[in-house]
Amino acid sequence: MLVAGSVQWLLGVAVLVAVTNDCCRAAVHGNGGKSSDSSQNSLEESSPSGPYFDTTASKNVTALLGKTTYLNCRVKNISNKTMSLQVSWVRHRDIHLLTIGSYTYTSDQRFRALHNMRSDDWTLQIKYPQHRDSGIYECQVSTTPHMSHFVHLDVVEPSTEIVGGPDLYIDRGSTINLTCVVLHSPEPPAYILWNHNNTIINFDSSRGGVSVVTEKGDNTTSSLLVQQARPSDSGRYTCNPSSAQPKSITVHVLNGEYPAAMQHGGQAKQPRLYSLLLCLCLLLY
């Protein structure tokens, strides 16, 4: 009887311990799950609801003809949804799908999709851009409905002009003043060289009196000054910018005879038409 009672008592204690443990586990798991749900809800409430475009990093682009350019589209808050959302580039001119994610979907090998998995930037690379590539490109996110941001590409070809060309007539001893203007360049040229009869002008030569002043901006100007012009300064002067086609002008340094089209010190001599017309009128009346 004593042994049987002891066994019964031990079984009772084991059952009590098991029930207590189950209750404790239930309480722990119940509180833990509730705390986790609360934390997750709090996180979702504090984070943005979906992807959006960073327009400060997705701007219109002006590209130089033939020089590789990049159209960038920055999409924020998409990193945790890359498996379900895709970013694409579409050309509006012909509604042509160019890229999806990091893959290029066009046979034109000038286009290429660029993306780093740790970056928010989705970039469209265009090699050797042509005038026909100008227009609107759509950066699209595959939400429902889809999100779009438009980037305008303008492909330009810089041009060079020399004021007063193609011929300039100068008195001997005057100052040759040539002004070269570089137009439609997306950025100022890195350098502008001046040539005289196909030879680069040396501003430190023994000739002296030769200088250049360059002002960079939306339209870059370069002014070449040659003081005390002499007949040997006659010839073909060429302005050669790094980002545009060269332009030339022919300078004539004269000793005495002045052609009708001559310019004196960079300023054109105008015929005395008004005096002649006045005399003619007086004779007629």
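We use all heavy atoms of the structure for the numbers below, so side chains are in, but hydrogens, waters and symmetry mates are not.
- Counting heavy atoms from C-beta outward, L168 and L178 have side chains that approach closer than 4.5 Å.
- H149 is listed as a side-chain neighbour of T55, based on a closest heavy-atom distance under 4.5 Å.
- Under the 4.5 Å side-chain heavy-atom criterion for Ile, Leu, Val, Met, Phe, Trp and Tyr, Y237 and F203 are members of the same hydrophobic cluster.
- Side-chain N or O atoms of H115 include none that pairs as donor or acceptor with a backbone N or O of D120 at under 3.5 Å.
- The shortest side-chain heavy-atom distance between P241 and V182 falls under the 4.5 Å cut-off.
- A salt bridge links E187 to K67: one of the charged nitrogens lies within less than 4.0 Å of a carboxylate oxygen.
- For Q125, the CD atom counts as densely surrounded, since its 6.0 Å shell holds more than 12 non-hydrogen atoms of other residues, nucleotides or ligands.
- With hydrogens and angles ignored, the 3.5 Å screen pairs no side-chain donor or acceptor of T221 with any backbone N or O of C180.
- Side-chain N or O atoms of S223 include none that pairs as donor or acceptor with a backbone N or O of T179 at under 3.5 Å.
- Between the side chain of N177 and the backbone N or O of L225 there is no donor-acceptor pair closer than 3.5 Å.
- Residues V141 and I100 do not share a hydrophobic cluster, defined by chaining ILVMFWY side chains whose heavy atoms lie under 4.5 Å apart.
- L97 places a side-chain heavy atom less than 4.5 Å from the side chain of S88.
- Residue I176 is not grouped with residue V181 when hydrophobic side chains (ILVMFWY) are merged at heavy-atom distances under 4.5 angstrom, including chains of intermediate members.
- One hydrophobic cluster, built from ILVMFWY side chains closer than 4.5 Å, cannot hold both L124 and L114; they sit in different ones.
- Between Y105 and T99, the closest side-chain pair of non-hydrogen atoms is not below 4.5 Å.
- Side-chain rings of F150 and H92 approach one another, their centers coming within less than 6.0 Å.
- Within the 4.5 Å cutoff, the side chain of Y137 has heavy atoms near those of the L98 side chain.
- Under a hydrophobic clustering in which Ile, Leu, Val, Met, Phe, Trp and Tyr are joined whenever their side-chain heavy atoms come within less than 4.5 Å, directly or via other members, L71 and L64 fall into different clusters.
- For D108, the CG atom is densely surrounded, since the number of other residues' heavy atoms within 6.0 Å is greater than 12.
- Around the CG atom of N197, the shell of radius 6.0 Å holds more than 12 heavy atoms that belong to other residues, nucleotides or ligands.
- For the pair D121/N116, no side-chain contact is recorded, criterion being any heavy-atom separation below 4.5 Å from C-beta on.
- Sparse packing is recorded around CD of Q245, with 12 or fewer heavy atoms of other residues, nucleotides or ligands lying under 6.0 Å away.
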